[in-house]
Protein chains: 2
Amino acid sequence: MNDLKLEDIAKLAGVSRSTVSRVVNASPNVGAATRKRVEKIIQNTGYHPNAAARSLASQRTNMIGLVIPRTTSAFFTDPYFPHLTQGVAFACNNHHMTLSLFLVGNQEDENEITPRLLRRGMLDGFLLQSGNSDDMLFKRLISSQVPLLVLGRPFEEKSVNYIDVDNISAAKSAVSHLIKLGYQRIGMITGAIRSTTSIDRETGFRQAMAEAGREIDPTLIAEGDFSESSGYLAMKKLLPLRPDAIFAQSDVMAIGAMRAVQEAGLQIPGDVAFVGFDDLPIASTLPIKLTTVHQPITHFGIKAVDLLIDMIEKGTKPAKRMILDTELIIRDTCGGKSVNRPTDQGAEMEGSALKKPA
Amino acid sequence: MNDLKLEDIAKLAGVSRSTVSRVVNASPNVGAATRKRVEKIIQNTGYHPNAAARSLASQRTNMIGLVIPRTTSAFFTDPYFPHLTQGVAFACNNHHMTLSLFLVGNQEDENEITPRLLRRGMLDGFLLQSGNSDDMLFKRLISSQVPLLVLGRPFEEKSVNYIDVDNISAAKSAVSHLIKLGYQRIGMITGAIRSTTSIDRETGFRQAMAEAGREIDPTLIAEGDFSESSGYLAMKKLLPLRPDAIFAQSDVMAIGAMRAVQEAGLQIPGDVAFVGFDDLPIASTLPIKLTTVHQPITHFGIKAVDLLIDMIEKGTKPAKRMILDTELIIRDTCGGKSVNRPTDQGAEMEGSALKKPA
DNA sequence: AATTTCTTTGGGAGCGCTCTCATAAGCCAT
DNA sequence: ATGGCTTATGAGAGCGCTCCCAAAGAAATT
């Protein structure tokens, strides 16, 4: 509790600083009796090693950062990020690491945060949410000396470490399902169009249509930005064109879009069917349950941390890649026959669903 | 970028380490010419001071922690926390501080995180979300030597620094409004009943009823835990007792409860009126807009950081208190005449709504 | 019994900064 | 010029750890 240092413990135990250090760091080369004696004194005095001193001497801070650029500023509007953060935090706990959160709000923040990230002695590594193509922060950080893992496919993939879900085939399976169900006028509400996420999901959409020999009506593609209101607005534009099914690139936008449909007095899925993306917990508690692509958000965060720590410990060459799978969850909004399956997003933190690494 | 140190810069500039240090730390006592020369070299070399070394020497890390105990594990289920986190992160940026996030998932995390928080040289101070009465983490941390500000009224207030909103009068105004509107069978859905937040809101409920000379029917009070599903379940229990109005202690629970009402084929507010608490952005985009108590969540986070930093710099004696105001926002779910007012929760981060401190 | 090998411990040199104090220089008034 | 004052710079002693290396025993080998 108080201001004891290693040296004080050493004196109390009648050993050297080195020995106490060994005990604190669980080094094997300490006699059993000595270890016990030192441990007891540490216990009694409530000694805690000073983190800064330890970092300075060991060149390790045991901290990693999670950076959300401002181009992704839909940040806490979309439950995606909280879930991700939860996964990251969970994994950090398992690895005895501390998580630092950098939410970039504006240009000023960006200038101020960048050096903090690049500074040595601060972070052992960091996770960077992939943003838009014109993201300057991204460009500045990408050449960082400290290990960096990008969340989501970056624009410039060359020798960048990243982790992502397979957005293309995920979107493809969603749209194929709609086609299989017989919908004729299938529309799409995109995410922020300069994000790779949105681009990949659109690619999946196009692939599914092409494979089915369908023409794409470009007027049935409306632009959103992953937010609820953008989904609502996009749907308002689409409604006069009478689409019979919509692939929304996120659940939150699907919810906004469905709000627009209901306001117009139309039925879901009777008049307009929906498939979303994310499988947020809310998808299964909506009045009309949302058919959507399940992506393991929390798990994604955990994997990201695991990979980053691996990079920190074993180096970043060759560049690391990891692509996680998704799964189409069929519920009520797509019409056809409904197969129910509870979402497990929220439950992941609990109990034994997630085994800790040994 | 590379591994330059203060000394290298000094050598390059032909000055002493001390002078470079002064330049880096914007100390006034440096000659203009010298400053310029040193700054240029720092610029060119891309030098960044080592954070660990600086922390060790200065006894300041410029990091603060945000700790969410596991008893509050509804964590990212409820948008409350993301909004709070956003405010905290925003304020940290303004103060050039780094935010560390501690999400306590389970007992093991708790044991592991506690020493990290208490350790010197790690955090300059931290924010601790108030949890349940039986929260051990809380008890262990409360006597911390490092400055600590509790978010929400703690159980044991004595000499504890905390910040809260005025839950009692907020709840009171919500319930009074329902009474004024003429509802006769007013029920309540509580939050986690061992949290001070829930206790205070219940007190407000009771005060409003008492002032109006109303009896309280205890069967019309159902227990929730701030989650959507708990609101739904609570309402299921309440429905057979035919309440005509419900005060839900959080918006999310109100949403769950309204789901139950609609499933039962009843009208809102015709059959059951609602008042929520929080004024999340979603409250104003629901099909039937939610009447609720606005609490400035993001702003709350900002104020908390400001206060904590003040404590770090000026000491914690006497114990600090801060209580923020709330406002009843009347929309559609309470019946009576609706006054619309857009929620500004999400907008707070943008533009000039929030002035940075000079 | 002598030699080698391991295990346990201590000593000391950093890690890269900050900060106090001493010194040197510049400035003004007398 | 001379003393007193302010301002700019440098030297050096830490901050509290880690980690390499050497030393001293103990144990094992010959």
Side-chain angles (χ1 to χ4, degrees), chain A residues 1-39 41-42 45-63 115-116 118-124 145, chain B residues 1-39 41-42 45-63 115-116 118-124 145:
Chain A
M1 293 302 179
N2 25 40
D3 277 27
L4 289 166
K5 42 174 124 171
L6 205 57
E7 184 126 31
D8 300 321
I9 303 299
K11 216 163 284 171
L12 287 170
V15 297
S16 73
R17 233 170 39 247
S18 308
T19 301
V20 180
S21 175
R22 287 185 191 100
V23 171
V24 169
N25 295 294
S27 154
N29 302 313
V30 179
T34 315
R35 155 163 291 129
K36 203 147 208 172
R37 186 153 37 93
V38 173
E39 274 171 350
I41 291 179
I42 290 177
T45 55
Y47 165 78
H48 291 297
N50 180 295
R54 196 200 278 240
S55 296
L56 179 58
S58 67
Q59 309 286 29
R60 271 283 234 131
T61 61
N62 291 310
M63 300 211 315
R116 291 220 305 269
L118 266 17
R119 206 193 301 305
R120 293 147 305 131
M122 170 97 201
L123 258 27
D124 286 342
Q145 300 292 295
Chain B
M1 291 308 178
N2 24 40
D3 278 27
L4 289 167
K5 40 174 122 171
L6 205 58
E7 184 128 28
D8 300 322
I9 303 299
K11 216 163 284 168
L12 287 170
V15 295
S16 73
R17 234 169 38 249
S18 309
T19 301
V20 180
S21 175
R22 287 187 190 98
V23 171
V24 169
N25 294 294
S27 153
N29 302 314
V30 180
T34 315
R35 156 162 291 129
K36 203 147 210 171
R37 185 153 38 94
V38 173
E39 273 171 350
I41 291 178
I42 291 177
T45 54
Y47 165 77
H48 291 297
N50 180 297
R54 194 198 280 239
S55 297
L56 178 57
S58 67
Q59 309 287 31
R60 272 283 235 130
T61 60
N62 291 310
M63 299 210 319
R116 290 221 304 269
L118 267 16
R119 204 191 303 304
R120 295 146 303 131
M122 172 95 201
L123 258 27
D124 287 341
Q145 298 294 293

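The structure displayed is predicted, hence computed values, not measured ones. Letters go in sequence order (proteins before strands), and every chain restarts at 1.
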**Study point:** Closest approach of Val24(A) to Leu6(A) (non-hydrogen atoms, all atoms of both residues)
**Key:** CG2-CD1, 4.5 Å
Review point. First contact, last contact: which nucleotides of DNA chain D are these for chain A, 5' to 3', heavy-atom distance under 4.0 Å?
Key: dC15(D) to dC20(D)
Check your understanding: If you measure from CG on Asn25(A) to CZ on Arg54(A), what distance do you get to the nearest 0.5 Å?
Key -> 5.0 Å
Point to revise | Any donor-acceptor pair under 3.5 Å from Ser21(B) side chain to Arg17(B) backbone | key: no
Without placing hydrogens or testing angles, list every side-chain donor-acceptor pair under 3.5 Å for residues 27-34 of chain A, not counting sequence neighbours.
| from | atom 1 | to | atom 2 | distance (Å) |
| --- | --- | --- | --- | --- |
| Ser27(A) | OG | Asn29(A) | N | 3.4 |

Point to revise | Heavy-atom pair of closest approach, residues Ala52(B) and Leu56(A) | key: CB-N, 3.7 Å
Check your understanding: So which of residues 10-21 of chain B are in contact with DNA chain C, with a heavy-atom cut-off of under 4.0 Å?
Key -> Arg17(B), Ser18(B), Ser21(B)
Review point. In Å and rounded to the nearest 0.5 Å, what is the CG to OG1 distance from Asp8(B) to Thr45(B)?
Key: 9.0 Å
Review point. Taking all non-hydrogen atoms of both residues, which atom of Ala51(B) and which atom of Gly121(A) are closest, and how far apart?
Key: CB-O, 3.4 Å
Study note, to complete from the structure: Rounded to whole Å, CG of Leu56(A) lies from C1' of dT18(C) at a distance of 12 Å
Exercise for review: Please check if the side chain of Arg120(B) supplies one atom and the backbone of His48(A) the other of a donor-acceptor pair under 3.5 Å.
Suggested key: yes
**Study point:** Interatomic spacing from CD1 in Ile9(B) to OG1 in Thr19(B) - rounded to 0.5 Å
**Key:** 13.0 Å
Review point. In terms of the nearest nucleotide of DNA chain C, which residue is placed more toward the 5' end: Ala53(A) or Arg35(A)?
Key: Arg35(A)
Exercise for review: Return yes if some donor-acceptor pair links the side-chain N/O of Thr61(A) with the main-chain N/O of Met122(A) below 3.5 Å, else return no.
Suggested key: yes
Practice item. Rounded to 10°, tell me the angle between the two end axes of the helix from dA1(C)-dT30(D) to dT30(C)-dA1(D), each built from five pairs. Key: 40°
**Study point:** Ser16(B) OG to Glu7(B) CD distance, which is reported to the nearest 0.5 Å
**Key:** 10.0 Å
Practice item. Answer whether the closest heavy-atom distance between the side chains of Asn62(B) and Arg116(A) falls below 4.5 Å. Key: no
Practice item. Output the residues of residues 22-34 of chain A in contact with DNA chain D, where contact means a heavy atom of the residue under 4.0 Å from an atom of the strand; sort by number or write none. Key: Arg22(A), Asn25(A)
Exercise for review: Applying side-chain contact (heavy atoms from CB on, under 4.5 Å), name anything that partners Gln59(A), two or more places apart in sequence or on another chain.
Suggested key: none
